[in-house]
Amino acid sequence: MSKHPLPSNYAPEDVETRWRAHWQKTNPYAYDPNRDRDETFVVDTPPPTVSGSLHMGHMFSYSHQDFIVRFQRMRGKNIFFPIGWDDNGLPTERRVQNLFNVKCEPHVHYDPNFKAERGRKGDPQPISRKNFIELCDVATKEDEEVFRHLWKRLGMSYDWDQEYATVNDHCRTISQLSFLELLEKNEVYQAERPVLWDVDFRTAIAQAELVDKEVPSAYHFLRFGIEGSDEHVVIATTRPELLPACVAVLVHPDDERYKQYVGKNAVTPLFQVPVPIMADPKADPEKGTGVVMVCTFGDQTDVEWVKTYSLPTRQVLDRDGHMLPIKFVQSGDTEAGNRFVSLNPADANRNYAQILGKYTKQAQKLIVALANEMAGVIDRPKQDIMHAVKYYEKGERPLELLPARQWFTRILDHKDALVVQGRKIAWHPAHMASRYENWVLGLNQDWCLSRQRFFGVPIPVWYGLGENGEVLHDKVLVPRADQLPIDPLDDVPEGFTKEQRDVPGGFTGDPDVFDTWATSSLTPQIATGGPLNPERHKKLFPMDMRPQSHEIIRTWAFYTIVKAYLHENQIPWKNVVISGWILDPDRKKMSKSQGNVVTPEPLIDQFGADCVRYWAGRARTGVDTAFDEQVFKVGKRLATKMFNAAKFVLGRFEGIDPALLGPERITHETDRAIIRELRPLIERATTAFEQFDYAQSLQLTEEFFWGTFCDNYVELSKPRTYEEELSEGRLSAAATLRLVLRALLRMFAPFMPFLTEEIWHWAYTNDADMNETIHRSPWPTLEEFAAVKEPSHAETYQIVCTVVEAVRKAKAEKNLSMKAPVKKVVVTATSKLAAALTPSIEDVNGMLHIQELQTKQEKVETPTVDVFLVTD
RNA sequence: GGGCGGCUAGCUCAGCUGGUUAGAGCAUCUGCUUUACACGCAGGGGGUCGGGGGUUCGAAUCCCUCGCCGCCCACCA
C-alpha cells in the first residue's frame with residue numbers, strides 16, 4: 001500500500017476500507033508464542049452464539065474488549081486474543097431442522113454418504129446424531145461468516161489464527177476430557193432424582209437456566225374429607241390437576257384450627273385417596289388456608305417433604321407434560337407402579353379418565369370443571385392471582401419436576417470454596433462480585449450436566465447391559481483419552497464389538513449431550529489447548545481478562561470458575577470486565593422478541609466503525625445504556641474534528657526537518673505550559689485504562705483534545721506557526737503541535753483505530769515502511785516529554801485562558817467578530833507573574849488582534865484582566 | 001422477602017477516597033464568513049445534586065431513614 005494523498009474531506013468508508021484491507025495483509029495483531037508470560041496479556045474471549053441474531057449489544061460489548069486489548073498492546077504487551085464461535089445448543093438445532101428438514105434420531109446410525117438437501121419437502125428425514133452434527137457444522141459455518149464480517153468491520157483486533165468453534169473436534173475433546181477427569185475425581189456423578197424438566201424440549205435443565213415469569217393463576221379451594229368423620233379441611237391450591245399425586249396433607253404444629261386432625265387421614269376429593277395429615281413447621285398458617293397438600297413432584301418443597309417423610313412416589317406426568325395412566329385400586333391390593341389405593345376406585349378411575357393423557361393446563365381446566373359439578377368438593381369460588389412460575393429461559397411452558405437419571409457436577413459441596421475463588425478475582429465494576437457471590441450462596445442443586453438433546457457434545461460413556469438387556473448404570477464404560485472425541489452412539493467401547501450394541505450382555509451408549517455451558521465453561525482451556533497442550537496452557541492460564549455481560553455471571557462466569565477450581569484449584573482469570581446492556585430509549589432491554597432491535601451494520605454504514613466504537617466507549621463498565629443515536633453524531637463530529645485538526649497541524653510542521661522538532665525545541669512559555677497540562681492527562685488516562693476504565697480515559701482525552709488543544713492552544717500557537725523565519729518561537733510551536741497531536745492520536749487509537757491509523761501514516765511513519773502501525777506504537781508516557789522544561793509559571797496555561805476568555809467575552813457581548821481589533825488589554829498581576837506571562841500574552845495578542853498590551857504590576861492575588869474594545 | 005445498582009440542568013451522562021460560585025455533550029437562546037473545521041467558533045440562560053434527618057468549620061460526595069426505577073435471587077399452598 002502506498003501512501004495515500006491527504007483527502008480533502010473525512011470519508012470514514014474510504015479510510016476504514018483501506019486500513020481493514022491493509023491489516024488483513026500485515027496481521028499486526030498476531031500473538032507471539034515466544035514471548036514471556038509477564039509480557040503477555042491473555043483474554044478469554046466470549047464466543048458469540050452464531051445462530052443467534054446480531055444486535056447492537058454485540059458491537060457494544062465487543063468494542064469494550066477491544067479498547068482494553070489495544071491499550072495493553074500499545075503498552076508493549078504480547079496479546080493473546082483468540083476468537084471463537086459458540087455453535088452448540090438449541091438455536092443451532094432449530095436452524096438446522098428448518099434449513100434441511102431433518103430431525104435427529106439418536107438411534108439412527110451414521111450414514112457417511114448422507115447428502116442433505118436444502119428446502120427438502122415432505123416429512124422431516126430422521127438422521128443420526130453424527131449426521132445431524134455434520135449439518136450443524138455446515139449451517140454454523142455460514143453463520144460464523146456473518147459474525148466474522150462484522151468483527152472485521154468493527155475493527156476487532158483478534159489474532160484470526162487463533163480461531164475456534166465450540167462444536168469442532170478440539171472443543172469436543174476438551175469438553176469430554178474435562179468430564180472424564182471430573183468423573184475420576186468423583187466430582188461428577190449420576191443420580192436418579194426429580195429434576196427441572198422442560199416438557200417442550202423434553203430435557204432436564206440446570207438451576208442457572210431458570211427464569212421466573214409472572215403469569216395469571218388462581219387458588220382453587222378444595223375440601224378434603226377427614227377419614228371416618230363428616231368433617232373436612234379446605235386446602236387452597238394453584239395446581240388442582242396434581243391432586244392425583246397428593247401423598248400427604250400438612251399443617252403447622254401450632255395451628256389451633258387443625259391440631260385435632262394431625263395423625264388422622266385426609267381423603268382427597270374426586271379420587272378418594274386417604275393420605276396422612278401431618279404437622280410440619282414449614283407449613284405456613286398464613287398461606288392459603290394453612291393446609292397444604294403435598295404432591296410428589298409439585299415443587300421443590302414437595303420434593304423435600306416427600307424425602308423427609310419417606311412418602312410414596314406418585315408420578316402423574318410424562319416427559320411431555322401429559323397425565324400418565326393411573327389405576328386406583330381397593331385397599332388390600334398392592335400399591336405399586338401407578339396403582340394407588342382409593343376408598344372408591346370406581347369413581348376415582350372414572351374421574352381420572354377425563355384427564356388421562358391431557359396436558360397439565362387442559363387437565364387443570366377439566367378437573368376444576370369436574371369439581372364444580374360435584375357437590376361438596378369446591379368450598380368457595382376460586383381466587384384469581386398473579387404469581388411467578390418457573391420457566392426454562394428458552395421455554396414457553398412452565399417447568400415441571402420429573403424424576404430422571406442425569407449426570408451432575410458437584411457444586412453444593414464447594415460453595416464456600418467457590419465464594420473464596422470469586423474474591424480472588426477483580427471484578428469491574430467491583431459491585432458485580434456480589435452478583436456472583438449471591439448466586440453461589442443461593443445455589444440449592446448440583447449442576448445438572450446432561451441434556452436430552454442432540455446437538456452438543458456427547459456424554460462420552462457407555463453402560464453395560466444386563467442379561468435381560470437392562471441398562472446397568474453402575475457399569476460405566478469410559479473411553480481412553482486418546483480416543484476422544486467420541487460419540488458413544490457410533491463408537492464402540494473397548495472390549496466390545498459393534499454387534500454387541502443394545503443387545504443383552506452388550507453395551508449401550510449414553511444418548512445425552514452436555515449442557516452447552518459444560519463446554520463454554522472451558523473457553524480458557526479450549527483456547528490454550530488445556531490438557532492437550534500442557535505447556536501452552538501452563539503459560540497462558542490463569543488468564544488476565546474475561547470480558548462478558550452481567551446476565552451470564554451465574555452461568556458463564558460461574559461455571560468457568562467451577563471448572564478451573566475443580567480441575568486445577570485455580571482461578572481462571574484475574575479480571576472480569578462486565579459490559580452493560582443496550583436498552584432502548586424507554587429503558588427496556590433490546591431484544592428480538594420485543595421488536596426493538598437496531599441492527600448493527602447500517603449504523604456502521606452511516607457513521608463508520610470508529611463512531612460506533614466511540615459510542616461504545618462512552619459507556620462505563622457494567623452500566624446499562626439507553627440507545628441514543630445522538631451519541632453517534634457526537635462521535636462523527638469528533639472524528640471530523642480530528643481529521644481537520646490533524647490536517648491543519650500537520651501543515652504547520654510539514655517541511656520542517658523532524659530533527660528540529662524534538663521535545664528540546666519546546667522553549668516558548670505557552671508551549672511549555674500546554675505540555676504541563678498534557679502530563680496529568682497522560683497519567684490519568686493511563687491509570688484509568690490500567691483499571692479497565694476505558695470510558696474515563698476516552699473522556700479525559702476527548703476533553704483535552706477539543707478544549708485545551710483545538711480551541712485554545714492551536715489558536716494561540718497559530719500566529720507563530722505562520723512566521724516566515726524558522727524562528728525559535730515557530731519551531732517551538734511546530735514541535736509542540738507535532739508532539740501533542742502525536743500523543744493524542746495514540747490515546748484515541750484504541751477507540752478509533754481506523755482514523756488514528758490514517759493520520760498516523762500522514763505524518764508519523766516512514767513512508768517506505770508500511771508495516772508500521774499506530775496500534776503497535778508505544779502508549780504515550782511522561783518520559784517522552786521529559787526533555788520539555790516546565791513553564792516559568794505553573795499556572796500559565798490557566799491564566800492565559802482566563803485572558804483569552806475575557807477578551808472573547810468582551811467581543812461576544814458587543815456582537816463583534818473574533819478578529820475585530822481590540823484597542824487595549826490590561827493584565828494586572830504581580831511583577832514576577834507579569835514577566836513570566838509576557839510571551840504568552842503576546843500569543844493572545846496575535847490570536848485576538850489586540851493593538852496594545854499592558855501588564856500592570858501590582859500585588860494582587862490573582863491576575864485581573866481589563867479589556868478596552870475599539871469604540872467608534 | 002433478601003441482595004446489588006441507580007435517582008445530578010429539558011435529554012444522555014460525568015463528578016461521589018468530603019473543600020473555592022456543581023460539570024460535559026445534546027437541545028435552547030445571542031452572536032461570529034475566524035485562511036483546519038459552519039460536522040465550526042465565541043458567549044448566554046438553565047440544577048435548593050429523589051425526600052427527610054445526622055456527622056462536620058464545610059456534604060452531590062460519609063452515616064441513618066423513607067420513596068420511586070432497574071437488575072439478580074428466593075418464595076410461590
Side-chain angles (χ1 to χ4, degrees), chain A residues 8-10 207 210-212 214-215 217 219-222 234-239 249-251 282-295 298-302 385-390 429-439 441-444 550-551 553-554 580-581 583 585 587-589 618-620 622-631 633-652 695-696 699-700 702-703 706-707 710-711 714-715 718 722 804-805 807-820 847-849:
Chain A
S8 54
N9 285 307
Y10 171 53
Q207 191 182 351
L210 278 181
V211 287
D212 280 356
E214 280 284 327
V215 294
S217 179
Y219 278 134
H220 298 277
F221 297 91
L222 304 178
V234 177
I235 64 118
T237 178
T238 56
R239 302 280 320 256
V249 166
L250 298 189
V251 296
K282 271 198 187 165
D284 183 350
E286 303 295 318
K287 278 190 195 167
T289 59
V291 188
V292 52
M293 72 170 186
V294 180
C295 302
D299 62 37
Q300 208 69 43
T301 327
D302 284 344
I385 55 163
M386 289 294 286
H387 77 161
V389 176
K390 286 188 200 318
H431 67 81
M432 288 296 171
S434 57
R435 291 219 190 175
Y436 168 81
E437 216 161 299
N438 250 8
W439 172 253
L441 293 172
L443 284 166
N444 56 31
H550 46 64
E551 86 276 14
I553 289 175
R554 68 175 182 171
W581 282 342
L583 308 173
R587 306 212 68 88
K588 298 247 169 35
K589 190 193 177 189
R618 291 254 305 221
R620 307 187 112 68
V623 177
D624 294 345
T625 305
F627 179 79
D628 180 4
E629 201 169 295
Q630 199 61 54
V631 179
K633 293 186 183 154
V634 176
K636 184 78 182 286
R637 284 180 43 226
L638 174 63
T640 305
K641 185 83 174 176
M642 213 185 295
F643 180 90
N644 287 317
K647 244 179 24 166
F648 172 73
V649 166
L650 162 58
R652 300 296 78 216
Q696 170 84 347
Q699 191 185 322
L700 292 168
E702 186 182 357
E703 272 169 21
W706 206 295
C710 289
D711 293 345
V714 171
E715 299 300 328
K718 204 179 266 182
Y722 280 113
V804 167
E805 198 178 310
V807 178
R808 280 172 169 168
K809 189 166 179 174
K811 289 186 179 180
E813 275 168 359
K814 299 275 190 219
N815 289 348
L816 290 172
S817 155
M818 283 303 129
K819 76 175 186 187
M847 167 185 175
L848 288 163
H849 309 276

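Throughout, protein chains are lettered first and strands after them, A, B, ... in sequence-line order, and every chain is numbered starting at 1. Because the structure is predicted, anything quoted here is derived from the model rather than measured.
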> Under 3.5 Å, is there a donor-acceptor pair between the side chain of A:T625 and the main chain of A:A619?
no

> Could you tell me how far apart A:E214 (CD) and B:A74 (P) are, to the nearest whole angstrom?
14 Å

> Tell me: CE of A:M818 to C1' of B:C37, nearest whole Å?
17 Å

> Measuring from atom CD1 of A:I385 to atom OH of A:Y219, what distance do you get when rounded to the nearest 0.5 angstrom?
4.5 Å

> On RNA chain B, nearest-nucleotide positions of A:V211 versus A:P285: which is more 5'?
A:V211

> Quote, to the nearest angstrom, the P distance that separates B:G54 from B:C68.
24 Å

> Could you work out the separation of B:U55 and B:C11 based on their P atoms and round it to a whole Å?
34 Å

> What does A:Y722 touch in the nucleic acid at a heavy-atom separation under 4.0 angstrom: a base, only the sugar-phosphate, or nothing?
sugar-phosphate

> Just compare B:G5, B:U30, B:C73 and give me whichever is closest to any side-chain atom of A:H431.
B:G5

> Nearest to the side chain of A:Q699 - B:A42, B:A14, B:C39?
B:A14

> Please determine, for the side chain of A:R435, which listed nucleotide (B:C72, B:A77, B:G25) has the closest atom?
B:C72

> Looking at the base of B:C37, is there any donor atom on it, or on the side chain of A:K641, that sits under 3.5 Å from an acceptor on the other one?
yes

> For B:C41 and A:W706 - does any side-chain N or O of the residue sit under 4.0 Å from the phosphate oxygens OP1/OP2?
yes

> Closest approach to the side chain of A:E715, judged atom by atom: which nucleotide of B:C26, B:C76, B:C37 is it?
B:C37

> From the set B:C75, B:A77, B:A14, return the single nucleotide nearest to any side-chain atom of A:A388.
B:C75

> Would you mind reading off the distance between A:E703 atom CD and B:C26 atom C1', rounded to a whole angstrom?
15 Å

> For residues A:G580 and A:D624, report the shortest heavy-atom separation together with the two atoms involved.
CA-OD1, 3.4 Å

> Any base atoms under 4.0 Å from A:D299, or only sugar-phosphate, or nothing? Heavy atoms, all strands.
sugar-phosphate

> Contact class for A:K287 vs. all strands (heavy atom < 4.0 Å): base, sugar-phosphate, or nothing?
base

> If you measure from the C1' atom in B:A24 to the same atom in B:U8, how many Å do you get, rounded?
13 Å

> Using salt bridge (Lys or Arg N to Asp or Glu O under 4.0 Å), reason through A:E805 and A:R808 one step at a time and then give a plain yes or no.
CA-CA 5 Å; A:E805 198 178 310; A:R808 280 172 169 168; over 6 Å; no

> Between B:U61 and B:U56, how far apart are the C1' atoms? Round to whole Å, please.
13 Å

> Roughly how many Å apart are B:G23 and B:G46, using the P atom of each and rounding to a whole number?
13 Å

> To the nearest 0.5 angstrom, please state how far the NZ atom of A:K390 sits from the CD atom of A:Q207.
8.0 Å

> For a quick check of understanding: with a heavy-atom distance under 4.0 Å over all strands, which category does A:Q207 fall into, base, sugar-phosphate or nothing?
sugar-phosphate

> With rounding to the closest Å, how many angstrom separate the P atoms on B:G52 and B:C13?
25 Å

> Counting heavy atoms from C-beta on, name the nucleotide in B:C75, B:G25, B:A42 closest to the side chain of A:K390.
B:C75

> Let me know the distance between CE of A:M293 and P of B:A77, rounded to the nearest Å.
9 Å

> Measure the CD-CG distance between A:E702 and A:L638 for me, rounded to the nearest 0.5 Å.
5.0 Å

> Under 3.5 Å for both pairing distances: what stems, at least three Watson-Crick or G-U pairs long, include RNA chain B?
B:1-7 with B:67-73, B:10-13 with B:23-26, B:28-32 with B:40-44, B:50-54 with B:62-66

> How close or far is atom P of B:U30 from atom CG of A:L816, stated in whole angstroms?
18 Å

> Without decimals, in angstroms, what is the distance between A:L250 CG and B:C76 P?
13 Å

> With heavy atoms under 4.0 Å as the rule, sort A:R620 into base, sugar-phosphate or nothing.
sugar-phosphate

> Which nucleotide in the set B:A36, B:G25, B:C76 lies at the smallest distance from any side-chain heavy atom of A:R637?
B:G25

> Taking the nucleotide of RNA chain B with the nearest heavy atom to each, does A:S434 or A:W439 sit closer to the 5' end?
A:S434

> Would you classify A:K809 as touching base, sugar-phosphate or nothing, given that sugar-phosphate means primed atoms plus P, OP1 and OP2, and contacts are heavy atoms under 4.0 Å?
sugar-phosphate

> With rounding to the closest Å, how many angstrom separate the C1' atoms on B:G45 and B:G6?
29 Å

> Cation over ring, A:K647 on A:Y10, under 6.0 Å and within 45°?
no

> What nucleic acid atoms does A:T301 come within less than 4.0 Å of, heavy atoms only: base, sugar-phosphate, or nothing?
sugar-phosphate

> Report the distance from atom CZ of A:R618 to atom CD of A:Q699, rounding to the nearest 0.5 Å.
8.0 Å

> Let me confirm one number: the CG-NZ distance from A:L848 to A:K811, rounded to the nearest 0.5 Å.
5.0 Å

> So what does A:A283 hit on the nucleic acid, given a heavy-atom distance under 4.0 Å: a base, only sugar-phosphate, or nothing?
base

> Mind checking A:A236 for me? I need base, sugar-phosphate or nothing, with any heavy atom below 4.0 Å counting as a touch.
sugar-phosphate

> In this structure, how many angstroms lie between the P atom of B:C32 and the CD atom of A:E813, rounded?
15 Å

> Rounded to whole angstrom, note down the C1' distance from B:U35 over to B:C16.
46 Å

> For A:M293 and A:R239, work out which heavy atoms get closest and say how close.
CE-O, 3.8 Å

> Go through B:C26, B:C75, B:G2 for me and flag the one nearest to the A:N438 side chain.
B:G2

> Using a heavy-atom cut-off of under 4.0 Å over every strand shown, decide if A:K811 touches base, sugar-phosphate, or nothing.
nothing

> What's the closest nucleotide to the side chain of A:D212 if the choices are B:C73, B:C75, B:G25?
B:C75

> Separation of A:E805 atom CD from B:C41 atom P, in whole Å?
15 Å

> Can you measure from CG (A:D284) to OG1 (A:T301) and round to the nearest 0.5 angstrom?
11.0 Å

